[in-house]
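Chain identifiers are assigned alphabetically (A, B, ...) following the order of the sequence lines, protein sequences preceding nucleic acid strands; residue numbering begins at 1 within each chain.
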Amino acid sequence: MKIPPVKGTRDFYPPDMALRNWLIDGWKRVSVRNGFEEYDGPIFEYLKMFQLKSGDEIVEQLFSFEDRGGRKLALRPEITPTLARMVNQQINSLPRPIKWFSVPRLCRAERPQRGRLREFFQWNIDIIGVDDVLADAEVIFCALDYLQEVGLTPDDIVVKISSREMLAAILLSIGIAEDELEPLYALLDKRSRLGEDTFEEMLTKQVSDENRRKKILELMNAESVEQIGDFVELSETAKESVDELQRLFELLDVVGVADFCVFDIGVVRGLAYYTGIVFEIYDKASQFRAIGGGGRFDDLLKQFGGPDMPATGFGIGDSVLEILLREKGLLDMVVPQKQLDYFVAFTDKQFFQKAIEIMAKLRRSGAAANFAYKSTTLSKQLKQASAQNAQKSIIIGRELSDNNELVIKDMATGEQELIELNKFFAELESESK
RNA sequence: GUGAAAGUAGCUCAGCUGGUUAGAGCACUGGAUUGUGGUUCCAGGGGUCGGGGGUUCAAAUCCCCUCUUUCACCCCA
């Protein structure tokens with residue numbers, strides 16, 4: 001019986017695995033140089049943890065199950081609730097600010113499509129305990145630090161930034177009721193995809209007052225933070241949020257990533273727990289779905305039974321990123337599959353034992369070494385050496401039996417040199433130290 | 001979850017107005033090459049044509065169901 005792979009999952013063959021590791025190693029390296037420490041949690045949690053604060057969207061996409069003790073569990077669709085749980089558990093002993101990152105494997109029971117799978121990896125970084133917008137700037141910088149490192153430029157990607165807090169303050173100040181906010185967020189989020197007429201039509205359904213409607217439509221035209229005040233009169237709280245956004249853009253300019261960043265009032269985000277600054281990263285042509293996104297979730301820790309502590313962070317998934325990088329040609333030269341330092345070949349059966357002895361010695365001293373299982377011609381063995389990307393081949397033959405010498409062949413240049421056996425290993429030892 | 005299109009070798013695809021043992025390129029294995037590889041040449045393995053059912057003398061080809069993928073909704077990594 002042939003069993004197919006499960007819908008929306010991927011098999012990682014060695015070349016795929018090499019790429020995945022390259023991607024994830026990059027995430028980790030950049031996280032560390034930005035001052036973040038790695039953490040991880042379990043791949044499943046109590047179902048109710050995700051039902052609590054993530055919002056309906058995520059809950060609908062949960063893979064959930066019951067264990068033998070009747071516990072209702074779910075595979076994690078995101079790691080932020082786990083982060084909140086973990087931080088809360090040790091909050092009194094953790095030095096602030098808490099700057100943590102993780103590369104969790106996540107599962108969501110969505111309908112699979114290009115760039116959207118049922119199992120994927122996500123790079124998350126979070127700063128907990130800093131309410132200053134400086135933390136939001138740092139988080140955005142960190143994401144862009146990585147994206148730039150892999151070769152993406154402002155011509156390729158854009159970070160769209162807004163503030164939920166500001167949007168709420170403005171909407172409230174023009175007379176929108178508190179309970180009307182959520183559905184309105186959803187509509188505003190969709191605006192760019194709907195087209196002007198449809199958007200106005202749907203807005204009319206939600207906001208009956210024509211005056212308010214007009215103000216919202218005007219507000220949508222704001223192309224920069226500075227312009228917002230031109231379209232609507234700002235309340236005191238709205239003004240504070242606008243100032244905060246303005247400061248964020250100044251900071252992004254100071255750290256040199258302003259070229260990537262734009263203000264976009266349409267960015268609201270689906271997860272329910274976002275409170276302040278929110279952002280999403282897209283390819284410039286808007287050809288693919290969002291590469292990543294994030295924002296402030298100042299209430300989450302408290303909602304999970306912890307202290308009132310501000311937090312901000314982002315997530316970037318592996319699948320859209322990979323599609324984008326491939327399209328931009330940035331994966332072409334990446335990722336050598338197999339890196340072998342030495343391939344040990346022998347010219348005659350009589351040298352076989354010596355060959356595996358030397359191969360074992362190479363491995364013990366830290367070099368990656370392989371050899372041919374079958375005793376075949378030297379030609380065949382060198383062919384294998386090439387196929388395995390060996391940097392050098394060691395040929396064991398009469399030179400060894402006559403003069404105790406190895407033939408070292410550089411596979412890139414084809415050049416060969418003779419070196420005395422003990423001298424070779426002495427040099428190898430000193431290199432590894 | 002809703003709507004639409006596609007599924008032929010490991011990969012990219014040809015064949016499809018139904019008709020002899022289903023093809024190519026790349027990849028893979030072996031040989032040409034008895035002490036020198038990445039090139040070339042030759043040969044070989046590999047497919048119940050996504051799966052199941054139906055129509056027919058005859059199905060990769062037509063019909064139905066199902067699975068998977070892709071696209072659009074939905075939403076976002």
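Checked by atom type and distance alone, the side chain of A/Glu244 never pairs as donor or acceptor with a backbone atom of A/Val133 at under 3.5 Å. Judged purely by atom type and a 3.5 angstrom limit, A/Gln388 has no side-chain atom pairing as donor or acceptor with the backbone of A/Ala390. In this structure a side-chain-to-backbone donor-acceptor pair under 3.5 Å is present from A/Ser102 to A/Tyr39.
Less than 6.0 angstrom separates the ring centroid of A/Trp123 from the ring centroid of A/Tyr146. Close placement of the A/Tyr373 and A/Phe371 rings is indicated, their centers lying within 6.0 Å of each other.
Taking a 6.0 Å sphere around CD of A/Gln353, one finds it holds 12 or fewer heavy atoms contributed by other residues, nucleotides or ligands. Atom CD of A/Glu37 sits in a sparse spot, with 12 or fewer heavy atoms from other residues, nucleotides or ligands closer than 6.0 Å. Annotation: A/Glu223, atom CD; neighbour count of heavy atoms from other residues, nucleotides and ligands within 6.0 Å does not exceed 12.
Using a 4.0 Å cut-off, some side-chain N or O of A/Ser379 falls inside it from OP1 or OP2 of B/G37.
Residues satisfying the salt bridge (Lys or Arg N to Asp or Glu O under 4.0 Å) test with A/Asp156, not counting sequence neighbours, are A/Lys328. Not a single ring-ring contact (aromatic ring centres under 6.0 Å, His included) links A/Phe121 to another residue, sequence neighbours left out. For the salt bridge (Lys or Arg N to Asp or Glu O under 4.0 Å) test, residues two or more places apart in sequence or in another chain that qualify with A/Arg33 are A/Asp145, A/Glu149. Qualifying ring-ring contact (aromatic ring centres under 6.0 Å, His included) partners for A/Phe297, counting only residues two or more places apart in sequence or in other chains: A/Tyr273. Under the ring-ring contact (aromatic ring centres under 6.0 Å, His included) criterion, A/Tyr342 pairs with A/Phe424, sequence neighbours left out. Every residue two or more places apart in sequence or in another chain was checked for a ring-ring contact (aromatic ring centres under 6.0 Å, His included) with A/Tyr13, and none qualifies.
The CD1 atom of A/Ile24 sits 17 Å away from the P atom of B/A77 (whole-angstrom rounding). Atom CG of A/Leu188 is separated from atom P of B/C76 by 13 Å (rounded to the nearest Å). Between the C1' atom of B/C75 and the CZ atom of A/Arg118 lies a distance of 14 Å, rounded to the nearest Å. Distance CG (A/Leu187) to P (B/C74): 11 Å, rounded to an integer number of Å. Rounded to whole Å, the distance from OH on A/Tyr13 to P on B/G10 is 10 Å. Atom CD of A/Gln381 is separated from atom P of B/U36 by 12 Å (rounded to the nearest Å). For the pair A/Gln122 CD and B/C76 P, the computed distance is 13 Å after rounding to whole Å. As a whole-Å value, the separation of A/Arg108 CZ from B/C74 P is 18 Å.
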Sort me out a list of protein N/O and nucleotides 25-32 of chain B N/O pairs below 3.5 Å, or just none if empty.
from	atom 1	to	atom 2	distance (Å)
B/G31	OP2	A/Lys380	NZ	2.4

Extract from the structure each pairing of a protein N or O with an N or O of nucleotides 68-70 of chain B at less than 3.5 Å, listing the distance.
from	atom 1	to	atom 2	distance (Å)
B/U68	OP2	A/Lys7	NZ	3.3
B/U69	OP1	A/Gly8	N	2.7

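Put simply, the side chain of A/Ser386 and the base of B/G37 share a donor and an acceptor less than 3.5 Å apart. If you check distances only, the side chain of A/Glu322 never reaches the base of B/A77 with a donor-acceptor pair under 3.5 Å.
Heavy atoms of A/Glu399 sit under 4.0 angstrom from at least one base atom. Residue A/Leu378 is classed as a base contact, given a heavy-atom separation below 4.0 Å to a base. Looking at heavy-atom distances under 4.0 Å, A/Leu321 makes no contact with the nucleic acid at all. Among the protein residues, A/Gln416 comes within range of the nucleic acid bases, having at least one heavy atom under 4.0 Å from a base atom. Using a 4.0 Å heavy-atom cutoff across all strands shown, A/Ala385 reaches no nucleic acid atom at all.
Shown are A/Ile161, A/Ile265, A/Leu248, A/Leu245; of these, the side-chain contact (heavy atoms from CB on, under 4.5 Å) with A/Val225 is made only by A/Leu245.
Using atom C1' as the reference point in both B/G25 and B/C62, the two lie 31 Å apart (nearest Å). Using C1' as the reference atom, B/U61 and B/U55 are 14 Å apart when rounded to the nearest Å. Comparing the C1' positions of B/U29 and B/G19 gives a spacing of 36 Å, expressed to the nearest Å. Only the C1' atoms considered, B/U68 is 36 Å distant from B/G30, to the nearest whole Å. Comparing the P positions of B/G52 and B/C16 gives a spacing of 24 Å, expressed to the nearest Å. Comparing the same atom, P, in B/U48 and in B/U8 gives a spacing of 13 Å after rounding to whole Å. B/G46 and B/G3 have their P atoms separated by 43 Å, with the value rounded to a whole Å. Taking atom P in both B/A6 and B/C13, one finds a spacing of 15 Å when rounded to whole Å.
Across all strands shown, nothing is found opposite B/U48 as a Watson-Crick or G-U wobble partner with both distances under 3.5 Å. For B/G30, the paired nucleotide is B/C42, the pair qualifying as Watson-Crick or G-U wobble because both relevant distances are below 3.5 Å. The partner of B/G37 cannot be assigned: no Watson-Crick or G-U wobble pair with both contacts below 3.5 Å exists in any strand. Shown here, B/A59 forms no base pair; nothing in the strands shown gives a Watson-Crick or G-U wobble contact with both key distances under 3.5 Å. Base pairing analysis places B/A72 opposite B/U2; the two distances defining the Watson-Crick or G-U wobble pair are each below 3.5 Å. When both pairing distances are held under 3.5 Å, B/G25 makes a Watson-Crick or G-U pair with B/C11.
Residues of residues 143-153 of chain A having a heavy atom closer than 4.0 Å to RNA chain B: none are found. RNA chain B is contacted by no residue of residues 37-48 of chain A, taking any non-hydrogen atom closer than 4.0 Å.
Between A/Thr377 and A/Leu382, it is A/Thr377 whose nearest contact on RNA chain B lies nearer the 5' terminus. Between A/Arg398 and A/Ala412, the one whose closest nucleotide on RNA chain B sits nearer the 5' end is A/Arg398.
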For residues 394-403 of chain A, run the donor-acceptor check on the side chains, cut-off 3.5 Å, and write out each pair with its distance to 0.1 Å, sequence neighbours left out.
from	atom 1	to	atom 2	distance (Å)
A/Ser401	OG	A/Arg398	O	3.1

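Within the structure, every pair that satisfies the salt bridge (charged side-chain N to carboxylate O under 4.0 Å, His left out) test and touches residues 8-26 of chain A, not counting sequence neighbours, is listed here: A/Arg10-A/Asp318.
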